[in-house]
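Written out below as structure tokens is the structure these notes cover.
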2 protein chains.
Amino acid sequence: MYKQLIPNLSVDSIVFGFDSVQLKVLLIKQDIIHKGITYHDYKLPGDIIRKDEDIDTASKRILKELTGLQNIFMKQLSAFGSLDRLTRRPRDLSWLISINHPDERVITIPYFSLINLTQDHLALTSKACWTNVDNVSALSMIFDHKEIFEFALESLRNELRTKPIAFELLPPKFSLSQLQKVYEILFEINLDKRNFRKKILSLNYIVPLKEKETGVKHRPALLYMFSQDIYQKLKTQNFDFTI
Amino acid sequence: MYKQLIPNLSVDSIVFGFDSVQLKVLLIKQDIIHKGITYHDYKLPGDIIRKDEDIDTASKRILKELTGLQNIFMKQLSAFGSLDRLTRRPRDLSWLISINHPDERVITIPYFSLINLTQDHLALTSKACWTNVDNVSALSMIFDHKEIFEFALESLRNELRTKPIAFELLPPKFSLSQLQKVYEILFEINLDKRNFRKKILSLNYIVPLKEKETGVKHRPALLYMFSQDIYQKLKTQNFDFTI
DNA sequence: CCAAAAGTGTTAGGAGTACACCCATGA
DNA sequence: TCATGGGTGTACTCCTAACACTTTTGG
């Protein structure tokens, strides 16, 4: 079984989904039986890496197997490799034995992904569920997966603060109010609508379309798109440090 | 020989050193004989990870073995794991065979480190050399090590722009002019002395000492230190996004 | 006293912030 | 016609950027 795998190396995905109201994360339910007691634990979707796939490919494969999603935003985070990460809790060890996991330590490489949840292409397996990120702290997770989740959430916020990726949480065509909501919800702040629009429009790489929202019972918003093209051209190092 | 190692996993170090004039990087000379011709190649210091050490420990061990340095700034970058990374050049393959490297692919985890080069604690091995980062592009490096180096340099600049780490390239007590030079040299810009000092002093976590430079033939500068303590206390999320 | 780098204030322009009302649509 | 969120402008404040001379030290 493990002949074509690298037994010491896995990838884990932290898939963040945004539904205009909450930030959610994709978790897998994992019941663990230990000393006769059943524990309802959660884990991140992940898998051991195959010998014949590179690590980005492995991460894409797992995400596709789980959600059917392809070609979505994905960023590698730094690896988690402490010696005892699989065996800190006795019940995790029981579970590893029950699935015949080889007695090897595993270093994992986490990837975070961003998707919009109001789109309809989510064919989840029965054990996968979307969980509000605010509720994760109350769950019990195997191994160091809660630590990895928290690191990923912090990394997501860092990226959001400095890179144009907020729209990866939105449909390809989005309104400025939707975009504002991403920042408001992820940073738990309120932003002034007029100032926000001024700032975004001054960037020039978020471009208005000739299209409006449909099916809303109020004045429909103009839709915008992110232009990678214009962004790359404008990224002329306006040096600025904020340490 | 490989019994206690994880054959598919290595760490590589990108050690940046600053001498007040240039940014340098620590490279290892590696001659490779291929089809009767000797090539003078370079590589990054690195090693396969042992089964009984976690990845941060591995990186620290290698750095200590090479430079005698301990307790210096170190940050993990994201892994490099394409399938063909060791075998893109025929001569790299020849070299792997000559050192009896097992026929396994290797995923590497890079770490970058920062040190000050005017200090004297550098007991380098004979094959290690400090190279001006501007000269690296002209060198030939094994595997994907040039790519890793460039990624590390870009990451260093990103970190410098957003985190208080510039003084990791300086002695513990430094003058504001030295600090300014770090930014000027790493970003290839000129900064206004008065504005720079105003900005740095307004941060409050770079604190003046009661000590001055010695042994200079001009007016001696007041020395400063970075206070991790004050920094942590002040880091009260002043939200600000610059995408 | 000369050379070299340290240290210091002010002003003008631009960016960020605070703030309130009319508009377009569906029900 | 009502409810809902979309869309807009201005004034004030604060931060940033530009700019030149005096001070301290060693030789």
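Labels below follow one simple rule: chain letters A, B, ... track the order of the sequence lines, proteins then strands, and each chain is numbered from 1. Computed from a predicted structure; not experimentally measured.
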Task: Residue list, ring pair (Phe, Tyr, Trp, His ring centres under 6.0 Å) with B:Phe151, at least two apart or on another chain - done: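 B:Phe151 satisfies ring pair (Phe, Tyr, Trp, His ring centres under 6.0 Å) with B:Phe80 once adjacent residues are dropped.
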
Task: Set of ring pair (Phe, Tyr, Trp, His ring centres under 6.0 Å) partners for B:Phe187, sequence neighbours left out - done: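 Residues passing ring pair (Phe, Tyr, Trp, His ring centres under 6.0 Å) with B:Phe187: A:Phe239.
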
Roughly how many Å is it from [atom1] in [X] to [atom2] in [N], rounded to a whole number?
X        : N      : atom1 : atom2 : answer
A:Lys217 : D:dG5  : NZ    : P     : 7 Å
B:His218 : D:dT25 : NE2   : P     : 12 Å
B:Leu222 : D:dT23 : CG    : P     : 18 Å
B:Glu211 : D:dT25 : CD    : P     : 15 Å
A:Leu176 : D:dG6  : CG    : P     : 10 Å
A:Leu201 : D:dG7  : CG    : C1'   : 11 Å
B:Ile200 : D:dT16 : CD1   : P     : 12 Å

Output a table of nitrogen or oxygen pairs between the protein and nucleotides 18-20 of chain D separated by less than 3.5 Å.
residue: D:dA18; atom: N7; partner: B:Asn195; partner atom: ND2; Å: 2.9
residue: D:dA18; atom: N6; partner: B:Asn195; partner atom: OD1; Å: 3.2
residue: D:dC19; atom: N3; partner: B:Arg194; partner atom: NH2; Å: 3.4
residue: D:dC19; atom: N4; partner: B:Asp192; partner atom: OD2; Å: 3.2
residue: D:dC19; atom: N4; partner: B:Arg194; partner atom: NE; Å: 3.4
residue: D:dA20; atom: N1; partner: B:Arg194; partner atom: NH1; Å: 3.2

- [ ] Look at the side chain of A:His145 and the backbone N and O of A:Leu44, then say whether any donor-acceptor pair between them is shorter than 3.5 Å.
- [x]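 Indeed, once roles are kept as given, a pair shorter than 3.5 Å links the two residues.
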
- [ ] Measure from the ring center of A:Tyr205 to the ring center of A:Phe226 and say whether it is less than 6.0 Å.
- [x]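 Centroid separation for A:Tyr205 and A:Phe226: below 6.0 Å.
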
TODO: Answer yes or no: are there more than 12 heavy-atom neighbours, outside B:Lys173 itself, under 6.0 Å from its atom NZ?
DONE: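 At most 12 heavy atoms, drawn from other residues, nucleotides or ligands, come within 6.0 Å of this atom.
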
- [ ] Any salt bridge (Lys or Arg N to Asp or Glu O under 4.0 Å) involving residues 14-28 of chain A? Give me the pairs, sequence neighbours left out, ordered by first then second residue.
- [x]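 Every salt bridge (Lys or Arg N to Asp or Glu O under 4.0 Å) pair that includes a residue of residues 14-28 of chain A, provided the two are not neighbours, is A:Asp19-A:Lys24.
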
- [ ] Please list all pairs passing the salt bridge (Lys or Arg N to Asp or Glu O under 4.0 Å) test where one or both residues lie in residues 70-81 of chain A, with sequence neighbours left out.
- [x]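 Checked against salt bridge (Lys or Arg N to Asp or Glu O under 4.0 Å) - neighbours excluded - the pairs reaching residues 70-81 of chain A are A:Lys75-A:Glu159.
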
Open item on the list: Does D:dG7 have OP1 or OP2 under 4.0 Å away from a side-chain N or O of A:Arg197?
Closed with: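 Indeed, a polar side-chain atom of A:Arg197 lies that close.
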
- [ ] Establish, with yes or no, whether the OP1 or OP2 oxygen of D:dG5 is under 4.0 angstrom from a side-chain nitrogen or oxygen of A:Ser177.
- [x]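 Checking A:Ser177 against D:dG5: no side-chain N or O falls below 4.0 Å of OP1 or OP2.
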
Open item on the list: Can you work out whether B:Lys212 or A:Glu213 has the more 5'-proximal nearest nucleotide on DNA chain D?
Closed with: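 Looking at DNA chain D, the more 5' nearest nucleotide goes with A:Glu213.
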
- [ ] Answer with yes or no whether the side chains of B:Asn116 and B:Thr118 bring together a donor and an acceptor at under 3.5 Å.
- [x]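 Result is yes, a qualifying pair exists.
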
Task: Whether B:Phe112 and B:Phe16 hold their rings parallel, tilted or perpendicular, with breakpoints at 30° and 60° - done: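 B:Phe112 and B:Phe16: perpendicular rings.
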
- [ ] Under 4.0 Å from any heavy atom of chain B: name the first and the last nucleotide of DNA chain C that qualifies, 5' to 3'.
- [x]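 Result: C:dA4 to C:dT10.
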
